[in-house]
There are 2 protein chains.
Amino acid sequence: MQTKEIWMAKLKEKGMRITAQREAIVDILLTSEKALDPLEVYDLTRRSHPSLGIVTVYRTMECLEHLGLLQKVHQACGCNKYLKLKAGHHHLLICTNCGRAVYFEGLNFEDQFEKVAENNNFQLQDHWLQLSGLCGRCQKI
Amino acid sequence: MQTKEIWMAKLKEKGMRITAQREAIVDILLTSEKALDPLEVYDLTRRSHPSLGIVTVYRTMECLEHLGLLQKVHQACGCNKYLKLKAGHHHLLICTNCGRAVYFEGLNFEDQFEKVAENNNFQLQDHWLQLSGLCGRCQKI
DNA sequence: GTTGATAATGAAAATCATTTTCAATAAGTA
DNA sequence: TACTTATTGAAAATGATTTTCATTATCAAC
């Protein structure tokens, strides 16, 4: 089953209907290599669906986030960008030039975070790690 | 020299004037153990300066951030909170209950981040690590 | 101290992103 | 095919932040 089919199946599972607008928005989000904000999704989706309203974009993206399919990504350029969530964990490496986002595997960072928390008398609940730099392509430019 | 004096000296250095409003805002920010948003700073500062305008809070906090004295802290409860920046680096441990923020020393995380970037063909520029959990005090409640 | 140039202030208006409202439309089940 | 009801898009409402502008206050020069 393709990712798109999985996403649409999840929507259906929650009693939500499959509409042309939702399919188009999902297409854009699944295709993008970088995190997008609602306005960007709106502009990109309107190329194929000119009558789309931005409210629909906001609503659809909110649903997808609640379903655990999209993840909010905080960046210097704004905290309203969303990226398709990869199963497992979510440490990101983001290109400061083109915005491309890549998930990376941690070298058991979790254990070290646990230790840091202990040292400070904290009971760890969550962590957040994000690296940024120039991706391979952008280094050559 | 006290921290407040250092801050005010930095303002003066940039040709900015020392006003009662700025002193009051700085007092609030230096005293707080947790990151505050402009509205919180406004409310707290108005206790001693009831005529303070919220625009002044926005402007002052923006200056302090540009001067490298305040740091923006991204949290589940919003991305518009600011914390006094500690010299050196800025990894935070934040209590999910009371919001208290503590800087912690990294166990040479930087080297590991560098390695991760290399593995993914990225040229590392920045990193962002933040842990959250229950602080000692809040665990007992 | 007084003066004067100008930075800072606060209120109101403007802006921008997001959410809510609501009547019209479309999805999908019966 | 008909019907229930979720979805849509436009407009209005909201909330946070920024800009504008006339008034006030700081502080350097005298």
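Below, all heavy atoms of this structure are taken into account, side chains as well, without hydrogens, waters or symmetry copies. Labels below follow one simple rule: chain letters A, B, ... track the order of the sequence lines, proteins then strands, and each chain is numbered from 1.
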Next on the checklist: Just checking A:Phe113 against B:Phe109, ring centres under 6.0 Å apart?
Outcome noted: yes
Item to check | A:Ser132 versus B:Gln125, side-chain donor and acceptor atoms under 3.5 Å | outcome: no
Checklist entry - Does A:His74 offer a backbone N or O that forms a donor-acceptor pair with the side chain of A:Gln130 under 3.5 Å? => result yes
Checklist entry - Rounded to whole angstroms, how far apart are CG on B:Leu36 and P on D:dA16? => result 16 Å
Next on the checklist: Using five base pairs at each end to define the local axes, how bent is the helix from C:dG1-D:dC30 to C:dA30-D:dT1, to the nearest 10°?
Outcome noted: 30°
Next on the checklist: Which residue in the set A:His127, A:Lys86, A:Glu105 passes side-chain hydrogen bond (donor to acceptor under 3.5 Å, both in side chains) when paired with A:His91?
Outcome noted: A:His127
Checklist outcome for this item: Side-chain contact check for B:Asn80: nearest option of C:dA17, D:dC27, D:dA16 is D:dA16
Item to check | d(CD1, B:Ile18; C1', C:dT9) in whole Å | outcome: 15 Å
Next on the checklist: Check whether A:Ser32 reaches the backbone of A:Ile28 with its side chain - one donor and one acceptor, N or O, closer than 3.5 Å.
Outcome noted: no
Checklist entry - Distance-only, no hydrogens or angles: does the B:Gln139 side chain make a donor-acceptor pair with backbone N or O of A:Asn121 under 3.5 Å? => result yes
Checklist outcome for this item: To the nearest angstrom, the CD-C1' distance between A:Glu62 and D:dA6 comes to 15 Å
Checklist entry - For A:Met61 and C:dA17, what is the distance between atoms CE and P respectively, to the nearest whole Å? => result 14 Å
Return the polar atom pairs (N/O with N/O) between nucleotides 2-5 of chain D and the protein under 3.5 Å, or none.
from, atom 1, to, atom 2, distance (Å)
D:dT5, O2, A:Arg17, NH1, 3.0
D:dT5, O2, A:Arg17, NH2, 3.1

Item to check | A:Tyr58 side-chain N/O to C:dT18 phosphate OP1/OP2 under 4.0 Å | outcome: yes
Restricting to nitrogen or oxygen on both sides, can you table the protein-nucleotides 8-10 of chain D pairs closer than 3.5 Å?
from, atom 1, to, atom 2, distance (Å)
D:dT8, OP1, A:Thr19, OG1, 2.7
D:dT8, O3', A:Gln21, NE2, 2.9
D:dG9, OP1, A:Gln21, NE2, 3.4
D:dG9, OP1, A:Ser51, O, 3.2
D:dG9, OP1, A:Gly53, N, 3.4
D:dG9, OP2, A:Gly53, N, 3.1
D:dG9, OP2, A:Thr56, OG1, 2.3
D:dG9, N7, A:Arg59, NH2, 2.7
D:dG9, O6, A:Arg59, NH1, 3.3
D:dG9, O6, A:Arg59, NH2, 3.4

Next on the checklist: Please report the distance, rounded to the nearest Å, between NZ in A:Lys12 and P in D:dT7.
Outcome noted: 12 Å
Item to check | Protein-nucleotide distance (B:Lys14, atom NZ; D:dT26, atom P), rounded to Å | outcome: 23 Å
Checklist entry - Nearest-Å distance, CG (B:Leu11) to P (D:dT26)? => result 15 Å
Checklist entry - Short question: side chain of B:Ser48, backbone of B:Thr45 - any donor-acceptor pair under 3.5 Å? => result yes
Checklist entry - Of all heavy-atom pairs between A:Glu40 and A:Ala35, which one has the smallest distance, and what is that distance? => result OE1-O, 4.0 Å
Next on the checklist: Over all strands shown, is A:Leu39 touching base, sugar-phosphate only, or nothing at heavy-atom distances under 4.0 angstrom?
Outcome noted: nothing
Checklist entry - Taking the side chain of A:Met16 as its heavy atoms from C-beta onward, which of D:dT7, C:dG28, C:dT18 lies nearest to it? => result D:dT7
Checklist outcome for this item: B:Lys81 atom NZ is separated from D:dT17 atom C1', nearest whole Å, by 15 Å
Checklist entry - Linking I/L/V/M/F/W/Y whenever any side-chain heavy atoms sit under 4.5 Å apart, do B:Leu67 and B:Val41 land together? => result yes
Item to check | B:Glu5 and B:Lys10: CA distance, side-chain angles, deciding distance, salt bridge (charged side-chain N to carboxylate O under 4.0 Å, His left out) verdict | outcome: CA-CA 9 Å; B:Glu5 289 165 346; B:Lys10 275 226 176 182; over 6 Å; no
Checklist entry - Mind checking whether B:Leu69 and B:Lys84 have side chains closer than 4.5 Å, heavy atoms only? => result no
Checklist entry - Can B:Gln123 and B:Glu118 be counted as having a side-chain donor-acceptor contact under 3.5 angstrom? => result no
